[in-house]
Structures are given as structure tokens and as C-alpha cells.
Amino acid sequence: MANPSLLILPGDGIGPEVMEQVMRIIDWFGEKRGIAFDVTTDLVGGAAYDKHGVPLSDETMQKALEVDAVLLGAVGGPAYDNLDFSVKPERGLLRLRKEMDLFSNLRPAQCFDALADFSSLKKDIVAGLDIMIVRELTSGVYFGEPRGIHKEGNERVGVNTQRYTESEIARVARSAFELARKRSNKVCSMEKANVMESGILWRDVVTEIHEAEYSDVELSHMYADNGAMQLVRAPKQFDVIVTDNLFGDVLSDCAAMLTGSLGMLPSASLGAPAANGRPKALYEPVHGSAPDITGQGKANPSACILSFAMALRYSFDHGEEATRLEEAVQAVLASGVRTADLMQEGDKAPVSTTQMGDAVLAALDNSL
Ligand code: IPM
Ligand code: MG
């Protein structure tokens with residue numbers, strides 16, 4: 001049988017630097033664990049714009065639709081700030097999400113013991129935190145029509161549309177309930193049913209799916225503003241949070257910062273299972289392109305490495321190998337080896353991106 005295929009899109013900023021370390025990890029799994037991939041590399045974001053004049057070429061889009069999983073670094077940077085909206089680097093990412101129909105975006109917020117001091121919250125509020133935000137990713141206000149800026153009388157009006165169909169809500173709700181069953185069996189659904197009709201429908205559909213198919217899972221509902229407040233007040237009350245595209249964008253940044261270390265957080269965007277049982281999937285670190293430290297060898301590759309761990313788990317059914325990789329990263333952190341983003345007073349000198357990769361590879365060797 002052919003090896004599973006991976007499309008690597010390093011993108012912009014620190015994307016290529018952190019992806020270089022992931023490539024070494026991928027090679028390690030091929031050599032030491034017999035898990036080999038057919039890897040191709042291509043351009044996205046500003047890097048694609050520089051070469052093709054668009055942030056994602058049709059050829060690359062086609063490749064993304066054909067492979068078993070896509071691994072993306074980061075898109076965007078100051079050089080592209082003044083581009084027309086339609087060719088901004090972010091549009092490349094949005095096109096991938098939309099055309100691959102990646103409706104379920106998994107954003108774990110996990111507080112590693114060794115890093116609990118980095119949170120802006122008190123240590124006991126975040127130590128041991130392990131929540132999963134499931135964000136709807138292909139609909140809602142990000143894509144709803146009508147949209148645009150038009151003239152009414154002598155002033156301009158900006159319009160975006162929040163729109164959700166029942167089936168769009170149902171499929172992301174199912175993915176949240178399925179995940180909860182493999183975790184602590186709790187789902188909290190967040191919307192604004194007090195002011196938005198789409199929120200009323202969201203709450204109805206989540207409740208119906210729950211009653212019909214997942215009554216063994218504990219379900220609660222919260223208005224999204226209260227949810228934001230509860231996330232910083234007592235985040236450990238949550239297991240899985242399911243919410244729409246825009247609330248999910250905001251709440252997941254909030255949840256990410258609870259852990260204090262954006263450089264540590266991976267994400268997975270999943271679609272419907274293909275004929276071979278694998279979902280369409282894109283994996284990417286939550287941190288952005290970090291132009292301020294690009295090219296300095298300072299970036300923390302952990303989030304991108306942990307995104308590959310998510311690929312092992314959710315696309316390739318190698319849950320145990322994913323855990324091996326996650327534990328290797330944790331062991332490195334616990335040993336005090338840290339990149340510059342994770343330095344505290346009294347720490348040894350920070351390691352470089354490559355040295356962090358070395359340390360994770362050594363920890364992987366140790367795990368055998
Ligand atoms: C994210 C980002 C994107 C979003 C941007 C880069 C388009 O903020 O993945 O959360 O808004 O979805
Ligand atoms: Mg965001």
C-alpha cells in the first residue's frame with residue numbers, strides 16, 4: 001500500500017523555521033517507527049503571492065484536496081499589509097478551509113505543568129487545565145452573504161451576515177459530542193441566543209442532536225459573553241466548548257492565552273471522512289507568523305510539532321505515537337530546555353529553534 005500523503009505548506013514568517021524542525025520529526029517517525037509519509041512541500045500566503053500573485057494557487061488547492069493531510073506553518077506579515085483584501089495572505093488560509101470543507105476546528109488549550117507560571121492567571125486556576133474548543137470554521141459571519149461596503153446616501157455602510165443552516169450546526173455539534181466521549185464527556189455550547197436568531201437556532205439544533213444521539217454526554221449552554229468571563233474566572237469547569245466561527249475565533253484566543261504560551265498550542269481543522277475513512281484535515285500551530293522574530297532562529301517549534309502529533313492522532317490513527325511525541329515535548333520542557341518565549345528569571349540561556357528540535361528528537365530516542 002502507498003504511504004499516506006502529507007502536503008506541507010510552511011508559509012510566511014517563522015512558518016518555514018518551525019516547519020524545518022517538524023520535517024526532522026516526520027523523518028524520525030519514518031526511520032524509527034516505520035511510519036512513513038509521502039511528503040510534498042508548496043507555497044501559501046505571502047510566499048505564494050510573491051511567486052503567483054495569489055495567496056494560494058489553483059494547483060496547490062488541488063493538491064490539498066488530494067492528500068491525506070495538510071500541515072501549515074503560518075501566513076501573513078507586514079510586507080503584505082497593504083495588499084488588496086482579495087489577495088491578502090489570510091485569504092489563502094480561508095480558501096483552504098472553505099474548499100476542503102473543514103467545518104470542525106479543534107483548538108486544545110492545555111496547560112503544561114512546567115509552564116503554569118507563564119499564565120497571566122494564578123497558577124492554581126490554570127494548572128492541569130485541559131480544554132478543547134471546537135470552532136465551526138466554514139460558515140457564519142466569515143462567509144455569509146450579503147457582505148461588503150456600499151454607499152447609503154452620503155455615508156458608507158459595512159455589511160456582514162451571520163448565517164447558519166441546521167445541517168451546518170448539526171455536523172459541528174456531532175464532532176464536539178464525539179470528542180467529549182473520548183475526554184471527560186462534557187460539552188458546553190456557546191452562542192448569543194438572547195440577541196441573535198442564528199443563536200436561537202444554534203441552541204435548538206445542539207439540543208436536538210444531544211437528545212437524539214448523545215444523551216450520555218453532559219450538555220450545558222452559555223451565552224458567549226458569559227463564556228468569555230467564565231473562561232478567565234474558572235476555566236477548569238470546561239471540557240469541550242462548541243461554538244460558531246466568530247465567537248470561536250475570539251474565545252479560542254482567550255483560552256490559548258490562559259496557558260500563557262502561544263508557542264505551545266496546536267490545532268486541527270477537520271472535514272467529513274473521505275472514502276478511505278480519513279477526514280479531510282489541516283493542521284497548524286495557533287501562533288501566527290511572528291514577523292518580529294522571523295529569521296533569528298528564536299521561534300518555538302513546539303506548537304507546530306504538536307500539530308503534527310494531532311495529525312498522527314486524528315488523521316492516521318496513531319494515537320499512541322501522538323502521545324509519544326507529546327510526552328517528548330513535555331519532557332524537554334520539564335528538563336528546563338526552553339526557547340526564548342518561555343524564559344523566566346534565573347533560567348539558563350534560551351535554546352534556538354534547531355536546538356529545541358534536537359532536544360525533542362533526543363527525547364523521542366529516549367522513549368524507545
Ligand atoms: C485564526 C486566525 C484567522 C481567523 C485569520 C488569520 C484569518 O485569527 O485562525 O484564528 O480569523 O480565523
Ligand atoms: Mg484567530
Side-chain angles (χ1 to χ4, degrees), residues 9-15 18-19 43-49 54-56 61 64 70-109 131-144 147 158 160-164 168 172 190 224 227-228 231-232 241-259 261-271 280-292 294 303-304 306-307 310-311:
L9 302 174
D12 307 323
I14 60 169
V18 295
M19 199 60 88
L43 302 172
V44 70
Y49 177 83
V54 285
L56 187 76
M61 185 66 240
V70 179
L71 199 56
L72 184 141
V75 295
Y80 309 103
D81 280 352
N82 297 322
L83 289 184
D84 187 74
F85 188 66
S86 65
V87 289
K88 276 196 182 297
E90 290 78 6
R91 304 305 300 176
L93 181 56
L94 294 175
R95 181 174 180 198
L96 283 165
R97 290 173 179 174
K98 188 67 181 174
E99 292 191 27
M100 291 171 76
D101 202 16
L102 305 172
F103 59 87
S104 179
N105 181 212
L106 279 41
R107 301 194 163 188
I131 60 184
M132 178 74 88
I133 298 205
V134 178
R135 166 188 176 192
E136 199 291 324
L137 202 60
T138 51
S139 186
V141 77
Y142 271 60
F143 298 98
R147 63 186 298 161
N160 289 91
T161 301
Q162 166 84 333
R163 180 181 190 275
Y164 271 106
E168 286 169 342
V172 74
M190 296 186 186
L231 265 176
V232 288
I241 293 172
V242 63
T243 189
D244 77 15
N245 204 342
L246 185 59
F247 292 138
D249 182 44
V250 176
L251 293 170
S252 66
D253 262 24
C254 173
M257 212 50 221
L258 294 175
T259 71
S261 37
L262 223 45
M264 296 303 305
L265 295 173
S267 76
S269 304
L270 306 177
K280 285 249 164 296
L282 180 142
Y283 300 87
E284 58 179 313
V286 167
H287 62 68
S289 57
D292 52 322
T294 296
C304 204
L306 293 171
S307 298
M310 288 187 92

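Note that the coordinates shown come from a computational prediction; the quantities given were computed from them, not determined experimentally. For ligands, and for the atoms within them, numbers begin at 1 and follow the listed sequence.
The protein non-hydrogen atom at the shortest distance from atom 4 (C) of ligand 1 is Tyr142 OH, 3.4 Å. If you check which protein heavy atom lies closest to atom 8 (O) of ligand 1, you get Asp249 OD1, 3.3 Å. Nearest protein heavy-atom contact of atom 6 (C) of ligand 1 is Glu90 CG, 3.6 Å.
Among all heavy-atom pairs drawn from Leu72 and Met19, the shortest one is C-CE, 3.5 Å. Nearest heavy-atom pair across Ile131 and Ala255 is CD1-CB, 4.3 Å.
Side chain of Glu99 to backbone of Asp101: no donor-acceptor contact under 3.5 angstrom is found. Between the side chain of Asp12 and the backbone N or O of Gly46, at least one donor-acceptor pair lies under 3.5 Å.
Counted by atom type alone, Tyr142 and Asp249 present one or more donor-acceptor pairs between their side chains at under 3.5 Å.
Using a 4.0 Å cut-off between heavy atoms, Arg97 contacts ligand 1 through its side chain alone, with no backbone atom that close. Only the side chain of Arg107 comes within 4.0 Å of ligand 1, counting heavy atoms alone; its backbone N, CA, C and O stay farther away.
Heavy atoms of other residues, nucleotides or ligands lying less than 6.0 angstrom from CZ of Arg163 number 12 at most.
Considering backbone and side-chain atoms together, Arg135 places an N or O closer than 3.5 Å to an N or O of ligand 1.
Distances from the Mg ion (ligand 2) to each N, O or S atom of Asp249 single out OD1 as the nearest.
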